[in-house]
2 protein chains.
Amino acid sequence: MSQTRAKRGVELGFLDGLIGFRLRLAQVSLFEDFERALRPFDITPTRFGALVLIEANSGLSQMQLAKAIRLDRSTLVALLDHLEGKGLVKRRPSPTDKRTNELVLTDEGRKLLTKAKRRVQEHEKRLFGKLSASDRAELKRMLEAVSTYKRL
Amino acid sequence: MSQTRAKRGVELGFLDGLIGFRLRLAQVSLFEDFERALRPFDITPTRFGALVLIEANSGLSQMQLAKAIRLDRSTLVALLDHLEGKGLVKRRPSPTDKRTNELVLTDEGRKLLTKAKRRVQEHEKRLFGKLSASDRAELKRMLEAVSTYKRL
DNA sequence: CTAAAAACGTTTGACGACAAACAAAAGCCG
DNA sequence: CGGCTTTTGTTTGTCGTCAAACGTTTTTAG
């Protein structure tokens, strides 16, 4: 019995019925593929999200960005330091509120993001291409429902 | 325009079409709720996964466990140190292969796991309860497809 | 049978994430 | 106004994770 484990594989037991477990496995695969696809750009999923959000909401504050990608604001500090260090993003002190920075993409940031988007598009196709268009829509809808569940 | 951002919310831009982004958000919510529900037991999703797998495959090795939950074997060392320190798991040197340990649950581990399972069941219901049974089956199926995608 | 290669568990180092504490600025309200 | 509270960005500490290097043991090849 025990010696056949290698052949038969490990039993999932209680985990087998849990969607949460499958969700985690899916995300591990997703991250793996994303990382490999975007390695030349030194872009992780989180960094990519930040860049896209800054592009789509030029001038937004760090808090607004943090909330939108569900990241702690303290985490964002190092992330922006990195992107700013690579010349992709700029922190511009807000003229109206001296506490906040306005985040904007540099020209170089925009240029890199354009290329990165193509890679991400391919990446999504690799991971979800097997699913039909309606399946993908369903999946997206359900994931949204999960992340907007009400606490009690 | 910019001053209405707080009201209208942040635009997702390119992120809006990405399933990967939704997947990440869903997992943030999932982890949040799981953590809150299992806090009294000091059990995280990963630890829970390890306990369940050891229960369902008593005597398996660290490598087998690491692969099954897709965790680096080095990560597992500290995790098992923790569980062993709390008296939930035991590392037993394999009699047939002196390189490996056989992982087994202690009586206390089994007892705690029984209680934890109930909490996790409730947690899953909270997160996925809104979805119909067939929706949940679909979701699970699709997530499996994603995590078993072939690297080209 | 023996030398080379691979597997296993561990240690160490790097990195990304959260949480708590802080100073500065803005908002609130008597 | 003028003081208290809240918000914002940052620093520091902790934790979970991966990757690389290492010693021990097993497996494989010649």
Side-chain angles (χ1 to χ4, degrees), chain A residues 3 5-6 24-25 27-36 38-39 42-50 54 59-86 89-103, chain B residues 3 5-6 24-25 27-36 38-39 42-50 54 59-86 89-103:
Chain A
Q3 50 270 39
R5 183 127 58 222
R24 183 182 165 277
L25 292 188
Q27 227 214 347
V28 170
S29 292
L30 180 111
F31 190 90
E32 247 179 45
D33 187 82
F34 192 108
E35 205 279 335
R36 191 168 37 230
L38 278 287
R39 185 162 341 180
D42 193 23
I43 295 288
T44 62
T46 310
R47 284 178 194 159
F48 180 75
I54 295 174
L60 88 170
S61 72
Q62 298 185 197
M63 275 302 296
Q64 290 176 319
L65 176 55
K67 276 181 199 153
I69 50 180
R70 299 197 67 170
L71 219 57
D72 196 275
R73 60 188 178 184
S74 60
T75 305
L76 208 50
V77 174
L79 189 152
L80 290 173
D81 286 350
H82 177 89
L83 295 180
E84 206 169 18
K86 302 198 77 176
V89 164
K90 205 164 156 268
R91 277 188 256 225
R92 202 168 54 188
S94 162
T96 73
D97 185 339
K98 290 180 187 165
R99 295 170 302 178
T100 69
N101 296 321
E102 296 182 347
L103 303 175
Chain B
Q3 51 269 38
R5 183 126 60 220
R24 183 183 165 276
L25 292 189
Q27 227 216 345
V28 170
S29 292
L30 180 111
F31 191 89
E32 246 178 47
D33 188 81
F34 192 107
E35 205 280 336
R36 192 168 39 232
L38 278 288
R39 185 163 339 182
D42 194 23
I43 295 287
T44 61
T46 310
R47 285 180 194 158
F48 179 76
I54 295 173
L60 89 170
S61 73
Q62 297 185 197
M63 276 301 296
Q64 290 176 319
L65 176 55
K67 275 181 198 152
I69 51 180
R70 299 198 65 169
L71 220 57
D72 196 277
R73 61 191 176 175
S74 61
T75 305
L76 208 50
V77 173
L79 189 151
L80 290 173
D81 285 350
H82 177 89
L83 295 180
E84 205 169 19
K86 301 198 77 176
V89 164
K90 208 168 153 263
R91 276 189 258 226
R92 206 167 53 188
S94 161
T96 73
D97 186 339
K98 288 181 188 166
R99 293 171 303 177
T100 69
N101 295 323
E102 295 182 348
L103 303 174

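Throughout, a chain's letter reflects where its sequence line sits, starting with A, and its residues are numbered from 1.
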**Request:** Could you pull out all residues at least two apart from B:Arg91 that satisfy side chain to side chain donor-acceptor pair (under 3.5 Å)?
**Result:** B:Gln62, B:Asp81, B:Glu84

**Request:** Report yes if some heavy atom in the side chain of A:Met63 is under 4.5 Å from a heavy atom in the side chain of A:Thr100; otherwise report no.
**Result:** no

**Asked** Is there a side-chain polar atom (N or O) of B:Thr75 under 4.0 Å from OP1 or OP2 of D:dC18?
**Response** yes

**Asked** Nearest to the side chain of B:Ser74 - D:dT17, D:dT10, D:dA20?
**Response** D:dA20

**Request:** Calculate the interatomic distance between A:Arg36 atom CZ and D:dA19 atom P; express it in whole Å.
**Result:** 11 Å

**Item:** Residue list, side-chain contact (heavy atoms from CB on, under 4.5 Å) with B:Thr46, at least two apart or on another chain
**Value:** A:Arg24, B:Thr44, B:Leu71, B:Leu79

**Position toward the 5' end of DNA chain C (nearest nucleotide), B:Leu80 or A:Asp72** = B:Leu80

**Fill in**
Residue set satisfying salt bridge (charged side-chain N to carboxylate O under 4.0 Å, His left out) with B:Lys86, at least two apart, ordered chain then number -> B:Asp42

**Asked** For B:Ser94, what residues pass the side chain to side chain donor-acceptor pair (under 3.5 Å) criterion, not counting sequence neighbours?
**Response** B:Thr96

**Request:** Grab the CD1-P distance between B:Ile69 and D:dG16 for me, whole Å please.
**Result:** 13 Å

**Message:** Measuring from atom CG of A:Leu76 to atom CG of A:Asn101, what distance do you get when rounded to the nearest 0.5 angstrom?
**Reply:** 10.5 Å

**Asked** Expressed in angstrom and rounded to an integer, what is the separation of B:Arg39 atom CZ from C:dA19 atom C1'?
**Response** 12 Å

**Asked** Rounding to a whole Å, what distance do you find between A:Glu84:CD and D:dG9:C1'?
**Response** 13 Å

**Separation between CD of A:Glu32 and CZ of A:Arg36, rounded to the nearest 0.5 Å** = 6.0 Å

**Request:** Could you state the atom-to-atom distance from NE2 of A:His82 to P of C:dA17 in whole Å?
**Result:** 12 Å

**Prompt:** Within the distance-only criterion (no hydrogens, no angle test), does the side chain of A:Asp97 pair as donor or acceptor with the backbone N or O of A:Arg99 below 3.5 angstrom?
**Reply:** yes

**Request:** Please work out if A:Leu76 contacts a base, only the sugar-phosphate, or nothing of the nucleic acid, heavy-atom cut-off 4.0 Å.
**Result:** nothing

**Prompt:** More 5' along DNA chain D: A:Arg24 or A:Gln62, using each one's nearest nucleotide?
**Reply:** A:Gln62

**Asked** OP1 or OP2 of C:dG16 less than 4.0 angstrom from a side-chain nitrogen or oxygen of A:Thr46, does that happen here?
**Response** no

**Message:** Looking only at the side chain of A:Thr100 (C-beta and beyond, no hydrogens), which of the listed nucleotides C:dA19, C:dG16, D:dT8 gets closest?
**Reply:** D:dT8

**Item:** side-chain contact (heavy atoms from CB on, under 4.5 Å) against B:Leu25, all qualifying residues, sequence neighbours excluded
**Value:** A:Arg70, A:Ser147, B:Phe21

**Message:** To the nearest 10°, give me the bend of the helix from C:dC1-D:dG30 to C:dG30-D:dC1, comparing the axes of its five terminal pairs at either end.
**Reply:** 30°

**Message:** Whole angstroms only, please: what is the CE-P distance between B:Met63 and C:dA6?
**Reply:** 15 Å

**Item:** Set of side-chain contact (heavy atoms from CB on, under 4.5 Å) partners for A:Ser74, sequence neighbours left out
**Value:** A:Asp72

**Asked** Is the phosphate of C:dG16, meaning OP1 or OP2, less than 4.0 Å from a side-chain N or O of A:Arg47?
**Response** yes

**Asked** Can you give one letter per nucleotide of nucleotides 21-27 of chain D, going 5' to 3': B for a protein heavy atom under 4.0 Å from the base, S for sugar-phosphate only, - for none?
**Response** B---BS-

**Message:** So B:Thr44, base contact, sugar-phosphate only, or nothing? Heavy-atom distance under 4.0 Å.
**Reply:** nothing

**Asked** Expressed in angstrom and rounded to an integer, what is the separation of B:Phe31 atom CZ from C:dC18 atom P?
**Response** 10 Å

**Message:** OP1 or OP2 of C:dT10 versus the side-chain N and O atoms of B:Arg91: is any pair under 4.0 Å?
**Reply:** yes

**Asked** Roughly, in whole Å, what's the span from CG in B:Leu65 to P in D:dT17?
**Response** 12 Å

